[in-house]
Amino acid sequence: MGDSLKITSIVLAVLFLGSIGFYQESFAITSDQIKEKIKTDDSDSRPTFGLSHDKNRKMIDKGFSFNNKTFSISNNYHTPFAERPVILGEVNSFEAKVYAENNLKVQEFLFGIPNKGQAHLAELGIEVWYGLFGEIEEIKVIQKSNVIDIESVTAAHEKTKCRSRDKEEKCDATNVSMVFLEPLKAKVMAIKAIDYKNRYHITYLNEGFDISGDSLNPMPIKMIPSPTKGEGLIKVTQNEKYSNYWTTDDERTFEINRFGSFKQINYKFERFQDSGEPRTRLHSEFGGILAYEQDMAKRIFDSSKVISELPESHTIVVKPSERVDEKMKQLMLEQELICKKYLEDQDKQARW
């Protein structure tokens, strides 16, 4: 019977008994007391990792931990969380501590979320399912590719105090460990809890985890049509996860667009091979002739073999003699005067 139906039944029973004269003090309760008794306020009684949903009151200390480093949840929707690196190939552990008034049914760890509020787009999800008595019944791994080694996944549970000052152990701590094999595109993480009335709560860890590096999984391979006429299909391998670049065995690089088509972006150009003898520098084989002649010259005389036997070098300073003496300077001046006089006479004749 649903909660709303329960309320309606109780109210009708009170009205009926009152109408026939059987009024009893036990039925003299307000609607707020009725709600409190049957707990119909779903939003306030759903699970939490940190604060109460009604008065934002702190209920849990250190609601999340990563590799034994604990952190408190300061906001039920999203908690500022400094980005943490995750090393591929090594065991990493995550733990969530939750208070579930109606018993914990599922504890989820979600990785690779693009933005807050997009938990449904997570690249990796690990679900720990609980039985009625708090025992772990099943571990489910949902991933789009081999992000983690499924064989490495372990989960543990214990009842614990929500806050250190509490007397009773009312919270459930779920710890999961796994080995990451390849990087994730997005960094935001979330923890999600579902109780046995199927009420759930999600808390996002803003900056999340930087799971990057060289993938330990083999890169995807595709066969695509070659741009070279007559070559047929060629094999290309993705350079790294999420990369748009793929490479062939002979190091030709292709870029894939959003439609799934490939375009070669690097070409190797080979110079045309000239025919005939290399008689000029423009001939394609001229460099080979130079190398051949250098080799022949070394065979005749290789200075590197005898340079150590040569005597020490010395410097000879030769002071050059002055080529223009005083007599030559005088003759040059005389010739300069004759030239000037000649030009002046030519100028006078032109004026007449």
Side-chain angles (χ1 to χ4, degrees), residues 41-87 90-119 122 124-128 130 134 136 139 153-178 180 184 186-197 199-211:
D41 193 346
D42 291 354
S43 62
D44 290 348
S45 60
R46 67 185 188 273
T48 179
F49 298 102
L51 309 177
S52 63
H53 296 292
D54 53 352
K55 298 180 181 179
N56 229 27
R57 173 173 53 89
K58 190 173 182 64
M59 295 184 63
I60 300 174
D61 290 331
K62 302 173 182 179
F64 176 76
S65 68
F66 165 61
N67 287 345
N68 299 321
K69 294 181 181 179
T70 56
F71 307 90
S72 290
I73 302 300
S74 58
N75 184 298
N76 278 345
Y77 177 61
H78 63 90
T79 293
F81 185 83
E83 184 179 301
R84 302 281 171 172
V86 171
I87 301 175
E90 296 186 5
V91 177
N92 292 274
S93 63
F94 305 84
E95 183 174 288
K97 183 165 65 172
V98 62
Y99 172 71
E101 186 175 336
N102 295 287
N103 297 328
L104 181 61
K105 182 178 181 180
V106 184
Q107 174 63 61
E108 295 185 37
F109 298 84
L110 303 167
F111 300 87
I113 301 171
N115 297 292
K116 292 177 295 183
Q118 297 181 330
L124 168 66
I126 300 176
E127 301 176 356
V128 181
Y130 287 94
I136 295 177
I139 302 172
V153 178
T154 60
H157 166 262
E158 68 172 345
K159 295 295 290 187
T160 183
K161 295 179 180 179
C162 297
R163 305 192 70 179
S164 57
R165 66 187 185 188
D166 293 344
K167 295 181 179 179
E168 298 181 26
E169 297 178 339
K170 295 183 177 181
C171 278
D172 295 280
T174 306
N175 183 286
V176 294
S177 299
M178 76 288 288
F180 284 85
L184 295 176
K187 299 178 180 180
V188 177
M189 180 193 170
I191 46 180
K192 175 181 177 182
I194 306 173
D195 65 16
Y196 262 88
K197 285 198 174 183
R199 287 174 287 197
Y200 71 90
H201 179 72
I202 302 176
T203 296
Y204 292 89
L205 304 178
N206 290 25
E207 303 304 324
F209 294 86
D210 178 20
I211 306 172

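All heavy atoms count here, side chains included; hydrogens, waters and symmetry mates do not. Model, not experiment: these values are computed from the prediction.
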Sequence-distant partners of Glu95, side-chain contact (heavy atoms from CB on, under 4.5 Å), two or more places apart: Ser65, Ala173, Asn175
Side-chain heavy-atom pair Glu101, Asp195 within 4.5 angstrom cut-off: no
Please report the interatomic distance NZ(Lys62) to OG(Ser164), rounded to the nearest 0.5 Å. 7.5 Å
Spacing of NE2 belonging to His53 relative to CZ belonging to Arg46, to within rounding of 0.5 Å: 4.0 Å
Under the ring pair (Phe, Tyr, Trp, His ring centres under 6.0 Å) test, residues paired with Phe66 that sit two or more places apart: Phe94, Phe209
Smallest heavy-atom separation, Val98 atom then Thr48 atom, equals CG2-O, 3.2 Å
Pairing residues for Tyr77 by the ring pair (Phe, Tyr, Trp, His ring centres under 6.0 Å) criterion, not counting sequence neighbours: Tyr204
Would a 4.5 Å heavy-atom cut-off, applied to side chains only, mark Cys162 and Met59 as touching? no
If a pair satisfies salt bridge (charged side-chain N to carboxylate O under 4.0 Å, His left out) and one of its residues is in residues 71-84, list it, with sequence neighbours excluded. Glu83-Lys187
Kindly compute the distance separating NZ (Lys97) from OG (Ser72), expressed to the nearest 0.5 Å. 8.0 Å
What are the two closest heavy atoms between Val128 and Ala155, and how far apart are they? CG2-CB, 4.1 Å
For Ile73 and Phe64 the tightest heavy-atom approach is CD1-CB, 4.2 Å
Taking every non-hydrogen atom, the tightest pair across Thr203 and Asn75: CG2-O, 3.8 Å
Would you mind writing out the side-chain donor-acceptor pairs for residues 104-118 within the sub-3.5 Å range, not counting sequence neighbours?
from, atom 1, to, atom 2, distance (Å)
Lys105, NZ, Asn198, OD1, 3.1
Gln107, NE2, Lys192, O, 3.1
Asn115, ND2, Gln118, OE1, 3.3
Gln118, OE1, Asn115, N, 3.2

Count the heavy atoms belonging to other residues, nucleotides or ligands that lie under 6.0 Å from CD1 of Ile139, then report whether that count exceeds 12. yes
How far apart are the closest heavy atoms of Met178 and Val153, and which atoms are they? CB-CG2, 4.0 Å
Give, for atom CE of Met189 and atom CD1 of Ile211, the distance between the pair rounded to the nearest 0.5 Å. 8.5 Å
Non-hydrogen atoms of Pro47 and Arg199 that approach each other most closely: CD-O, 3.5 Å
So the salt bridge (charged side-chain N to carboxylate O under 4.0 Å, His left out) pairs with at least one residue in residues 153-164 (sequence neighbours excluded) are Asp61-Arg163, Lys159-Asp172
Heavy-atom check, side chain of Thr79 versus side chain of Phe49, under 4.5 Å: no
Rounded to the nearest 0.5 Å, what separation is found between the CG atom of Asn76 and the OG atom of Ser52? 7.5 Å
